[in-house]
Amino acid sequence: MYGDALSQLMDCIVLIFACVGFNVLLVFIPISWALNFALPNQHTLIFVVSFLAIIPLAKLLAYATDELSIRVGQTLAGLLNATLGNAVELIVSIIALTKCELTIVQSSLVGSILSNLLLVLGMCFFAGGMRFSEQGFGQSAVQLNSSLLTISVIAVLLPGAFQMALQGQSSYDEPSTNSNILKTSHGVAIILLFIYGSYLVFQMFSHKALYSDSGEHVQQTKGYEGQNPWLQLRLYRRKIVKSCRPTGDEEAAFNPTVPTEGANLGCESASMDTDSVIESYMSVPVSLGLLVGVTVLVAVTAEFLVDSISGLTESGAIGKEFVAVILLPIVGNAAEHVTAVTVSVKDKLTLSLGVAVGSSIQIALFVIPLMVTLAWIMGKQLTLLFDPLESIVLFLSVLTVNYVVQDGKSNWLEGMILICLYLILAVTFWFYPGTLLTGVFVNTEVLSSSSLGTTGIFLC
């Protein structure tokens with residue numbers, strides 16, 4: 001009995017490393033750890049090696065999630081992947097909270113929402129659109145998720161509006177206003193946590209069918225009529241570069257549901273169409289163990305990467321706002337990025353939305369208010385007052401995504417629109433120096449107006 005279980009476990013381990021690409025890059029994991037302790041001042045070298053180490057870990061997490069979705073369904077698998085992916089941000093935020101260094105982390109949480117909503121979701125739509133003319137998903141569930149994101153954005157905008165509405169009055173009292181903003185943030189954080197708990201009950205129990213990947217509420221996916229122009233372009237490029245062996249791509253160019261030839265048996269679940277009978281080659285305990293183990297490795301490696309990026313910003317060659325809003329979320333959510341894009345090509349758009357949009361909801365309704373609540377418990381009085389540009393950008397991004405997904409269908413052009421919007425934000429934050437408005441910690445002792453400056457926020 002135990003011998004059979006051990007044999008099955010060994011077969012799963014061999015299967016993991018045989019099916020997941022980039023496994024040769026796993027050697028960079030111990031190298032990045034060794035460099036962090038042996039050469040802590042070599043920030044550029046640590047950054048490059050740590051980035052290469054995260055790539056195979058992201059692929060492993062994507063493979064484990066795909067296998068788990070076959071066993072437990074796309075909704076629960078997407079929730080697990082989003083939770084484990086956001087564990088990195090949560091751990092880093094708690095550490096920063098104890099050190100009163102939440103300025104970059106606060107921006108990175110906003111950047112993580114932007115990255116998931118624009119970059120990840122856009123890449124999912126674009127990658128899926130390269131194979132399918134239109135991909136369908138549950139319109140009602142996505143609209144509900146958009147409403148939840150809108151509520152979280154309103155909660156972020158209200159403290160800034162609160163302060164701006166009172167600044168122009170002659171009776172404006174800065175310490176009193178800051179105290180009221182702090183109390184407002186505490187109350188709003190508790191309400192947001194309650195909303196997130198209700199959302200979990202709604203998604204997992206009372207309206208579980210609404211988040212399923214099949215049913216009348218899900219729009220049907222449509223393939224290209226006749227030839228797939230993207231696969232035809234790929235074949236044309238291959239003929240120009242070199243003559244190659246005939247592959248299943250030629251047949252797939254006319255029928256997007258035909259898998260390519262040469263796929264080995266172990267990786268068959270990664271290439272078969274969703275209309276076919278897909279078999280999982282990993283048990284649920286092994287899949288969960290792989291998810292947890294890889295998430296821990298990603299968290300540690302990403303921590304080294306964050307430290308190296310912080311050293312790079314000291315030279316002034318790259319701004320902290322760009323690092324916090326753009327670079328850190330991309331690195332911290334690398335596993336989620338790979339998972340969502342990989343499964344979207346297999347027409348598992350429900351899982352992609354569960355990872356991308358679900359992760360954004362979890363950060364907005366759980367991670368951010370949880371940090372405010374933890375700070376309240378620890379006596380580090382943290383508010384929901386964010387940088388004004390970050391708050392406005394977050395609102396506009398949620399509004400854009402709401403327009404894109406309202407019809408329950410996606411195509412490659414909608415994906416390209418979201419990606420280009422993210423690139424526009426990246427260019428903006430490259431030149432944006434940031435404001436002192438992100439100094440959001442409040443000391444328990446009352447500070448004088450002169451020590452507060454003009455931001456109206458107490459400093460830690």
Side-chain angles (χ1 to χ4, degrees), residues 55 58-59 61-66 68-69 73-75 77-82 84-86 111-139 141-146 149 211-214 218-224 228 230-231 256 270-271 273-274 329-330 332-363 397-398 400-423 425-426:
I55 294 176
K59 289 290 293 181
L61 195 58
Y63 178 72
T65 305
D66 191 30
L68 191 62
S69 67
Q74 298 186 33
T75 301
L79 177 62
L80 288 173
N81 184 265
L84 292 172
N86 290 333
S112 182
I113 299 176
L114 297 176
S115 175
N116 282 305
L117 286 181
L118 301 180
L119 181 62
V120 179
L121 192 61
M123 292 181 66
C124 290
F125 288 169
F126 185 81
M130 300 283 282
R131 188 178 181 188
F132 303 95
S133 175
E134 285 184 350
Q135 286 185 287
F137 47 86
Q139 184 177 4
V142 172
Q143 285 295 323
L144 178 61
N145 292 343
S146 299
L149 287 173
Y211 289 86
S212 64
D213 53 341
S214 61
V218 179
Q219 299 283 348
Q220 295 298 319
T221 298
K222 299 179 181 178
Y224 283 96
N228 185 332
W230 298 105
L231 290 178
S271 60
D273 188 74
T274 53
I330 292 178
N333 295 330
E336 299 168 88
H337 293 186
V338 175
T339 301
V341 176
T342 300
V343 299
S344 67
V345 181
K346 306 169 191 174
D347 197 25
K348 295 183 179 180
L349 206 57
T350 300
L351 178 56
S352 296
L353 291 170
V355 174
V357 180
S359 179
S360 300
I361 292 176
Q362 193 172 73
I363 293 176
S397 299
V398 171
T400 303
V401 171
N402 187 29
Y403 282 129
V404 170
V405 302
Q406 63 182 354
D407 60 349
K409 298 179 291 184
S410 69
N411 53 61
W412 67 267
L413 181 59
E414 291 178 340
M416 189 185 68
I417 291 173
L418 296 179
I419 295 174
C420 290
L421 177 56
Y422 187 78
L423 294 178
L425 298 183

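Residues Glu414 and Lys409 approach most closely at OE1-O, 3.2 Å, considering heavy atoms. The minimum heavy-atom distance between Arg131 and Val345, with the atom names listed, is NH1-O, 3.1 Å. Shown here for Val405 and Ser146, the closest heavy-atom pair between the two residues is CG2-OG, 4.0 Å. The nearest pair of heavy atoms linking Cys124 to Ser352 is SG-CB, 3.9 Å. Of all heavy-atom pairs between Ser397 and Leu114, the closest is OG-CD2, 3.3 Å.
Considering CG of Leu353 and CD of Gln135, their distance stands at 9.5 Å, rounded to 0.5 Å. Considering OH of Tyr422 and CE of Met123, their distance stands at 11.0 Å, rounded to 0.5 Å. Atom OH of Tyr403 and atom CD1 of Ile417 lie 13.5 Å apart (nearest 0.5 Å). Leu349 contributes atom CG, which lies 12.0 Å from atom CD of Glu134 (distance to the nearest 0.5 angstrom). Between Ile363 atom CD1 and Ile113 atom CD1 the span is 5.5 Å, to the nearest 0.5 Å. Expressed to the nearest 0.5 Å, how far OG of Ser359 lies from CG of Leu121 amounts to 11.5 Å.
Residues Val142 and Gln406 are not in side-chain contact: their nearest non-hydrogen atoms beyond the backbone lie 4.5 Å or more apart. Between Val401 and Leu118 the shortest side-chain heavy-atom distance falls below 4.5 Å. Taking 4.5 Å as the limit, every side-chain heavy atom of Phe125 sits out of range of all side-chain heavy atoms of Asn411.
Remark: side-chain polar atoms of Ser344 are paired, donor with acceptor, to backbone N or O of Val341 under 3.5 angstrom. Judged by distance alone, the side chain of Asn402 and the main-chain N or O of Val398 form no donor-acceptor pair under 3.5 Å. With hydrogens and angles disregarded, no donor-acceptor distance shorter than 3.5 Å links the side chain of Ser133 to the backbone of Gly129.
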Would you check, one step at a time, whether the test side-chain contact (heavy atoms from CB on, under 4.5 Å) holds for Leu117 with Leu149? CA-CA 10 Å; Leu117 286 181; Leu149 287 173; 3.6 Å; yes
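Exactly one residue among Leu425, Ile330, Leu423 makes a side chain to side chain contact (heavy atoms under 4.5 Å, CB included) with Leu119. That residue is Ile330.
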